[in-house]
Visitor: 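First the structure, which I've put down as structure tokens, then a few questions once you've had a look.
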Amino acid sequence: MSPDPATPDPIRAYAAVTAAYWAFMLSDGALRMLVLLHFNQLGFTPVQLAWLFLLYELAGMVTNLAAGWLAARFGLAATLYGGLALQIGALVALAQLDPAWSIPASVAFVMAVQGVSGVAKDLAKMSSKSAVKLLAPKEDGGLFRWVALLTGSKNAVKGAGFFLGAALLALAGFQAAVWGMATVLAIILLAVVLFLPAGLPGRLKADEAWGGWRSKDPRVNRLSLARLFLFGARDVWFVVGIPVYFQSIFSDGTAEGRREAFFLVGGFMALWIIAYGAVQAAAPRLIGPKGQSEEATTRRAILWARALVPIPFALALAAYLVGEATAELTLTLIAGLLAFGFVFAVNSSVHSYLILAFGSAERITRDVGFYYMANAAGRLIGTLLSGLSYQIGGLPLCLATVGIMAAASWLSARRLVAV
């Protein structure tokens with residue numbers, strides 16, 4: 001089957017896709033913070049908290065491989081709608097959680113719901129990123145700017161979601177927050193279905209075969225490996241380690257103290273994500289001159305990957321030498337993690353550009369799907385290591401593990417110039 005005959009206005013289509021993606025990521029960030037803080041409050045250990053998110057990341061790995069085929073078979077609009085609908089279903093299901101259930105039953109149920117949310121997230125992400133490749137203007141730097149804008153704005157919105165989730169938990173409670181999010185997202189899905197321009201590209205072949213999930217371009221495969229370790233490095237501290245550490249030092253154990261800690265932890269996580277998104281959006285100006293070659297951008301990406309490595313090792317050393325929670329250590333961690341976020345954001349933005357630059361238009365959904373499968377694999381590994389490293393060795397081991405993952409990402413990125 002030939003591509004859809006209706007060709008949407010690219011600016012209008014880009015705006016509609018971005019709005020849908022924003023709505024999804026707002027709910028995704030809020031849901032993550034709701035689950036983390038709610039179950040930490042109930043006394044779950046760091047490893048148990050990590051288990052809550054493992055199926056979310058595992059589902060993302062599988063989904064990204066299938067999503068590329070689904071988009072090629074049925075179109076990007078269908079996979080975007082599917083991601084939003086599944087997220088609504090996950091929120092409705094999570095509202096059925098009964099506090100009287102045992103911890104094993106609660107963990108199993110939340111893992112399953114988070115798995116559905118993981119499928120939803122990666123359907124929406126793959127659809128949005130692939131659409132940019134096909135809608136972006138062809139002039140020099142156009143693709144990088146459009147990708148950076150989508151990615152940066154998405155993360156700023158997700159950061160707001162982190163704060164929203166913490167605020168809703170403190171002010172409305174767990175179940176009311178989940179029902180409210182499901183209702184708002186359902187309204188947004190209806191609006192997107194009604195107003196998304198006809199002819200959004202993506203349905204390339206009606207007889208698209210399932211095979212061929214791994215790219216034939218070694219650059220795509222090597223970039224995907226670097227992406228795996230990059231996001232593994234972030235999630236080692238981001239998922240369990242730092243939120244649990246901050247919750248422990250900001251809360252005095254009283255109900256009022258817990259509410260204040262929710263706002264402080266959620267506020268920091270939101271600030272980090274929002275700042276990260278702002279840097280991503282500015283990455284085309286940070287990475288080098290407009291119109292530079294793909295090879296030059298690749299080499300700069302390697303330099304930025306190397307710059308990330310020493311930051312977590314320095315923080316791990318500080319945490320080890322201090323040995324206990326102090327105001328000075330907390331301020332050092334905040335400053336260090338903001339620096340980590342700046343360098344990480346540039347790395348992430350350049351990766352997002354390079355995967356679209358390397359990928360061919362004919363199989364862009366498959367290449368993007370494979371790349372984000374590696375992204376989800378890194379998050380899966382990082383999530384597991386976050387709980388394990390923090391429970392075994394506390395903050396120093398958690399941050400040292402971040403450094404090891406960042407070093408592996410840099411070594412993987414170096415192989416891009418050897419292709």
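Everything numeric in this text was worked out from a predicted model, so none of it was measured.
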Visitor: Output, in order, the C-alpha distance, side-chain angles, deciding distance and verdict of side chain to side chain contact (heavy atoms under 4.5 Å, CB included) for T401 and L397.
Guide: CA-CA 6 Å; T401 305; L397 181 59; 4.2 Å; yes
Visitor: Would you check if there is a donor-acceptor pair between the side chains of S348 and Y276 at a distance under 3.5 Å?
Guide: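 Per modelled atom types, Y276 and S348 side chains form a pair under 3.5 Å.
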Visitor: Atom CD of Q114 and atom CH2 of W51: how far apart are they, to the nearest 0.5 Å?
Guide: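 With rounding to 0.5 Å, CD (Q114) is 14.5 Å from CH2 (W51).
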Visitor: Does some side-chain heavy atom of L123 sit less than 4.5 Å from a side-chain heavy atom of L80?
Guide: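 Counting from C-beta outward, L80 and L123 never come under 4.5 Å.
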Visitor: Enter the distance from I404:CD1 to L385:CG here, rounded to the nearest 0.5 Å.
Guide: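 Taking CD1 in I404 and CG in L385, the distance rounds to 9.0 Å.
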Visitor: Who passes salt bridge (Lys or Arg N to Asp or Glu O under 4.0 Å) against R379, sequence neighbours left out?
Guide: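 Partners of R379 under the salt bridge (Lys or Arg N to Asp or Glu O under 4.0 Å) test: E57, D235.
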Visitor: Contact between R219 and L354 at the side-chain level, heavy atoms closer than 4.5 Å - yes or no?
Guide: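 A side-chain contact under 4.5 Å is absent here.
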Visitor: Check whether any side-chain heavy atom of D28 sits under 4.5 Å from a side-chain heavy atom of Y56, and report yes or no.
Guide: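 D28 reaches Y56 side chain to side chain.
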Visitor: Taking the side chain as every heavy atom from C-beta outward, state whether L31 and Q87 have any pair of such atoms under 4.5 Å apart.
Guide: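 A side-chain contact exists here, since the closest heavy-atom pair is under 4.5 Å.
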Visitor: Restricting to non-hydrogen atoms, name the atom on L223 and the atom on I355 that form the minimum distance, rounded to 0.1 Å.
Guide: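 The pair with the smallest heavy-atom distance is CD2-N, 3.5 Å.
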Visitor: Give, for atom OH of Y245 and atom OH of Y390, the distance between the pair rounded to the nearest 0.5 Å.
Guide: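 The OH atom of Y390 is 7.5 Å from OH of Y245, to the nearest 0.5 Å.
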Visitor: Under 3.5 Å, is there a donor-acceptor pair between the side chain of Q96 and the main chain of A93?
Guide: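 Pair absent, no side-chain N/O of Q96 close to backbone of A93.
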Visitor: Could you tell me whether a side-chain N or O of S409 sits under 3.5 Å from a main-chain N or O of A226, the two making a donor and an acceptor?
Guide: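 Between the backbone of A226 and the side chain of S409 there is a qualifying donor-acceptor contact (under 3.5 Å).
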Visitor: Write down the atom of M181, the atom of S27, and the distance for their closest heavy-atom approach.
Guide: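 Reported closest heavy-atom pair: CE-O, 3.4 Å.
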Visitor: In the structure I gave you, are the side-chain heavy atoms of F342 and L308 within less than 4.5 Å of one another anywhere?
Guide: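 They are not in side-chain contact.
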Visitor: The test is side chain to side chain contact (heavy atoms under 4.5 Å, CB included); show your working for F174 and L97 and say whether it passes.
Guide: CA-CA 10 Å; F174 184 76; L97 182 69; 4.1 Å; yes
Visitor: What's the shortest heavy-atom distance between A400 and A316, and which atoms?
Guide: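 Taking A400 first and A316 second, the nearest heavy atoms are N-CB, 3.5 Å.
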Visitor: Can a cation-pi geometry be assigned to R227 and Y371, taking NZ or CZ under 6.0 Å from the six-membered ring centre and within 45° of the ring axis?
Guide: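 Cation-pi check for R227 and Y371: fails.
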Visitor: Quick one: does L94's side chain get under 4.5 Å of V35's, heavy atoms only?
Guide: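 A side-chain contact under 4.5 Å exists here.
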Visitor: Under a 3.5 Å distance rule, please check whether S386 uses its side chain to pair with a backbone N or O of V236 as donor and acceptor.
Guide: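 Confirmed, S386 side chain pairs with V236 backbone.
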Visitor: Could you tell me which non-hydrogen atom of L395 sits nearest to which non-hydrogen atom of L333, and how far apart they are?
Guide: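 Closest approach of L395 to L333: CD2-CD1, 3.4 Å.
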Visitor: So S117 and L86, side chain to side chain contact (heavy atoms under 4.5 Å, CB included) or not? Walk me through it.
Guide: CA-CA 7 Å; S117 183; L86 283 174; over 6 Å; no
Visitor: Going by heavy atoms in the side chains, are K121 and F24 under 4.5 Å from each other?
Guide: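 Contact flag for K121/F24 side chains = yes.
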Visitor: Identify the two heavy atoms, one from H38 and one from L169, that lie closest to each other, and give their separation to 0.1 Å.
Guide: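 Here H38 and L169 meet closest at N-CD2, 3.7 Å.
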Visitor: So how far is it from T383 OG1 to L52 CG, rounded to the nearest 0.5 Å?
Guide: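 With rounding to 0.5 Å, OG1 (T383) is 10.5 Å from CG (L52).
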Visitor: To the nearest 0.5 Å, how far apart are CG in L399 and CD1 in I242?
Guide: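 L399 CG to I242 CD1: 5.5 Å, rounded to 0.5 Å.
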Visitor: For a side-chain contact (heavy atoms from CB on, under 4.5 Å) with F344, tell me which candidate from F238, W272, W304 qualifies.
Guide: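 Exactly one pass, corresponding to W272.
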Visitor: Does Q391 use its side chain to pair, donor to acceptor, with the backbone of V47 at less than 3.5 Å?
Guide: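 Yes.
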Visitor: Start with the C-alpha gap between F358 and L416, add the side-chain angles, then the distance that decides, and say whether side chain to side chain contact (heavy atoms under 4.5 Å, CB included) holds.
Guide: CA-CA 11 Å; F358 293 162; L416 288 171; 4.3 Å; yes
Visitor: Spell out, as yes or no, whether a donor-acceptor pair under 3.5 Å connects the side chain of S349 to the backbone of V346.
Guide: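 Checking the backbone N and O of V346 against the side chain of S349, no donor-acceptor pair under 3.5 Å is found.
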Visitor: Just how far is it from atom NZ of K158 to atom CZ of R32, taken to the nearest 0.5 Å?
Guide: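 Here the rounded value is 5.5 Å.
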Visitor: Does F262 reach the side chain of Q247, with side-chain heavy atoms less than 4.5 Å apart?
Guide: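 SC-SC contact between F262 and Q247 confirmed.
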Visitor: Compare every heavy atom of A59 with every heavy atom of V119, then report the nearest pair and how far apart it is.
Guide: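 Closest pair (atom of V119, atom of A59, distance): CG2-CB, 3.8 Å.
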